[in-house]
Amino acid sequence: MSLKDLSKTSMNKSKRIFSGVQPSGDLHIGNYLGAIKNFVSLQKEYECFFCVVDLHAITVWQDPQQLAHKTREVTAAFIASGIDSDKNVLFSQSQVPQHAQLAWIFSCVARMGWLNRMTQFKDKAGKDKENVSVGLFSYPTLMAADILVYLATHVPVGEDQKQHLELTRDIAQKFNNDFKTDLFPVPEPLIFGEGARVMSLRDGTKKMSKSDSSDYSRIMLNDTADEIVQKIRKAKTDPHTLPANMKEAYKRPEAFNLLSIFASFNNKSTEDVVEQYAGKEFSSFKKDLADVIVDKIDPIGKEMQKLIDDKPYLDGIMKKGKEKAIYVADSVLSKVYDVVGFSKT
Ligand code: TYM
């Protein structure tokens, strides 16, 4: 997509996607199944902005030596998974200052009570509420700015981001009401089926996460085929054979998680997979599961590594993306400034 094409669509509210991924650790199959795999399908139908959200990453400490490298890694994952860097806008958040500018305005629109209800903040802050960064608390207002500075109408994410998107919708509506405008669309979350909530391989009641201390809890996009096989072999199960039906599967979180992961990689429903493996041994199912993960992830990991080794190529893509992103974000922000009443002198 050229700047000229963007100029035609920059204020067109029909179908535009924004989504973001943090460069805060190695990407895992939860990020892939819950988000990136869907970005790849959606690019056919929507105009897409995919962003590496480094401003969000620094709400918890990031090693400055590592951050730029991690940002390139996420960009490489987007491209290696099949996102077309010519047709979509790929960029890093910190390079488009309009995100932070709109976030400030939104922090004056959002209410303390709304942010106080965010469960992800409560989970991340835990008992250490007094000691976490202010940014971790106001994180969702920056998310709202990410989305709305492009007037995005749709946001593909995993289930864990649902509450943040509800807040984005509240902010868009309150801004429109307060300033008597229809500038912002009220964006729709796109949360898809089986991969929307991938759980830890060590504990089927806990989300698979970059921050889990155990490497065996997740499969990374850059794991080797051997590592994937090992991790699936060691994945926690229970002493029974595979569940006979969905009712039983729901009661067995580790089995349910593995069956859902298998379903998602094969674009099937968990119900069909439960039926396929009902009463079978975990050992044979785990072999099939490892095979399908290796099939899909191993080529992505290898392609990621090639791209990471070609730093000028990745940096060129990010630079082009940044220019396109600024072009759209600046025109929206300037409208916001008019609506809010900021003086131009
Ligand atoms: P992040 O970086 O934690 O995760 C990136 C995407 O991966 C999804 N995801 C999962 N999906 C299924 N199962 C899991 N275990 C799993 N873990 C992560 C996330 O839902 C997400 O879609 N706040 C966001 C980043 C962000 C953003 C945005 C997203 C910033 N601004 C604007 C959408 C729109 C986050 O921390 O994602």
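Given the structure is predicted, the values throughout are model-derived calculations rather than measurements. In each ligand, atom 1 is the first atom listed, and ligand 1 is the first ligand listed.
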Inset, instruction - Salt-bridge test for Asp54 and Lys70: reply yes if a basic N is under 4.0 Å from a carboxylate O, no otherwise. - result: no
Legend entry - Any Leu33 heavy atom less than 4.0 Å from ligand 1: no
Inset, instruction - Specify side chain, backbone, both or neither for Val53, according to which of its non-hydrogen atoms lie closer than 4.0 Å to ligand 1. - result: side chain
Legend entry - More than 12 heavy atoms of other groups within 6.0 Å of Glu271 CD: no
Legend entry - Under 4.0 Å to a heavy atom of His28 - the qualifying atoms of ligand 1, by number: 17 (N)
Legend entry - Side-chain donor-acceptor pair present, Asn267, Lys37, cut-off under 3.5 Å: yes
Legend entry - Short N or O distance, Glu159 and ligand 1, threshold 3.5 Å exclusive: no
Inset, instruction - Among all protein heavy atoms, pick out the one at the shortest distance from atom 32 (C) of ligand 1; state its residue, atom name and that distance to 0.1 Å. - result: Phe18 CE2, 3.4 Å
Legend entry - Shortest protein contact, atom 25 (C) of ligand 1 (heavy atom only): Gly20 O, 3.5 Å
Inset, instruction - Give a yes or no on whether Ile191 and Ile17 share a hydrophobic cluster (residues Ile, Leu, Val, Met, Phe, Trp, Tyr; joining criterion: side-chain heavy atoms under 4.5 Å apart). - result: no
Inset, instruction - Return yes when Met199 approaches ligand 1 closer than 4.0 angstrom through a heavy atom, no otherwise. - result: no
Legend entry - Distance under 6.0 Å and angle within 45° of ring axis: Lys322 vs Phe91: no
Inset, instruction - Provide the number and element of each atom of ligand 1 under 4.0 Å from a heavy atom of Lys207. - result: 15 (N)
Inset, instruction - Specify the protein heavy atom at minimum distance from atom 13 (N) of ligand 1: its residue, its atom name, and the distance to 0.1 Å. - result: Val198 N, 2.9 Å
Legend entry - Contacting atoms of ligand 1, where contact means under 4.0 angstrom from a heavy atom of Val157: 22 (O), 29 (C), 33 (C)
Inset, instruction - Find all atoms of ligand 1 within a distance of less than 4.0 Å from any non-hydrogen atom belonging to Gln22, and give their numbers and elements. - result: 2 (O), 35 (C), 36 (O)
Inset, instruction - To the nearest 0.5 Å, tell me how far Ile171 CD1 sits from Asn176 CG. - result: 12.0 Å
Inset, instruction - Would you check if the distance from the ring center of Phe121 to the ring center of Phe137 is below 6.0 Å? - result: yes
Inset, instruction - Could you list which atoms of ligand 1 come closer than 4.0 Å to a heavy atom of Gly158? - result: 11 (N), 19 (C), 20 (O), 22 (O)
Inset, instruction - Using distance alone, determine whether His164 and ligand 1 share an N or O pair under 3.5 Å. - result: no
Inset, instruction - Might you confirm whether atom CD of Gln66 has over 12 heavy atoms from other residues, nucleotides or ligands at distances under 6.0 Å? - result: yes
Inset, instruction - Please determine if Arg252 and Glu248 form a salt bridge, counting it only when a charged side-chain N lies under 4.0 Å from a carboxylate O. - result: yes
Inset, instruction - Check each of Tyr139, Tyr32, Phe49 against atom 35 (C) of ligand 1 and report the one with the nearest heavy atom. - result: Tyr139
Inset, instruction - Classify the contact between His56 and ligand 1 as side chain, backbone, both or neither, using a heavy-atom distance cut-off of under 4.0 Å. - result: side chain
Inset, instruction - Kindly compute the distance separating CD1 (Ile36) from CD1 (Ile83), expressed to the nearest 0.5 Å. - result: 6.5 Å
Inset, instruction - State, to 0.1 Å, how close Ile228 and Ala290 come at their nearest heavy-atom pair, and which atoms those are. - result: CG2-O, 4.4 Å
Legend entry - ligand 1 to Gln120 polar contact by distance, N or O atoms, under 3.5 Å: no
Legend entry - Residue, atom name and distance, where the atom is the protein heavy atom closest to atom 28 (C) of ligand 1: Met143 CG, 3.5 Å
Legend entry - Lys207 and Asp212 ion-paired at < 4.0 Å: no
Legend entry - Verify same cluster id: Tyr216, Ile232 (apolar side-chain graph, 4.5 Å): no
Inset, instruction - Provide, to 0.1 Å, the distance between atom 37 (O) of ligand 1 and the closest protein heavy atom, together with that atom's residue and name. - result: Gln161 NE2, 4.0 Å
Legend entry - Residue, atom name and distance, where the atom is the protein heavy atom closest to atom 5 (C) of ligand 1: Asn31 ND2, 3.5 Å
Inset, instruction - Could you list the atoms of ligand 1 found under 4.0 angstrom from a heavy atom of Ile147? - result: 32 (C), 34 (C)
Legend entry - Option set Gly30, Gly34, Ala35, criterion heavy-atom distance to atom 10 (C) of ligand 1, minimum: Gly30
Inset, instruction - Would you mind telling me if ligand 1 is within reach of the side chain of Ala196, the backbone, both or neither, using heavy atoms under 4.0 Å? - result: backbone
Legend entry - Carboxylate-amine/guanidinium contact Lys302 Asp298, below 4.0 Å: yes
Inset, instruction - Identify, for atom 19 (C) of ligand 1, the protein heavy atom at the shortest distance, and state residue, atom and that distance. - result: Asp160 OD1, 3.4 Å
Legend entry - Atoms of ligand 1 close to Val155 [distance to a heavy atom under 4.0 angstrom, numbered from 1]: 33 (C), 34 (C)
Inset, instruction - Identify the residue among Glu45, Glu188, Glu47 that makes a salt bridge (charged side-chain N to carboxylate O under 4.0 Å, His left out) with Lys15. - result: Glu45
Legend entry - ligand 1 N/O within reach of Met208 N/O, cut-off under 3.5 Å: yes
Inset, instruction - Could you tell me how the ring of Phe285 sits relative to the ring of Phe282: parallel (under 30°), tilted (30 to 60°) or perpendicular (over 60°)? - result: perpendicular
Legend entry - Protein contact of atom 1 (P) of ligand 1 - nearest heavy atom, named by residue and atom, plus distance: Lys210 NZ, 4.0 Å
Inset, instruction - Could you tell me whether Asp146 approaches ligand 1 through its side chain, its backbone, both or neither, with non-hydrogen atoms closer than 4.0 Å? - result: side chain
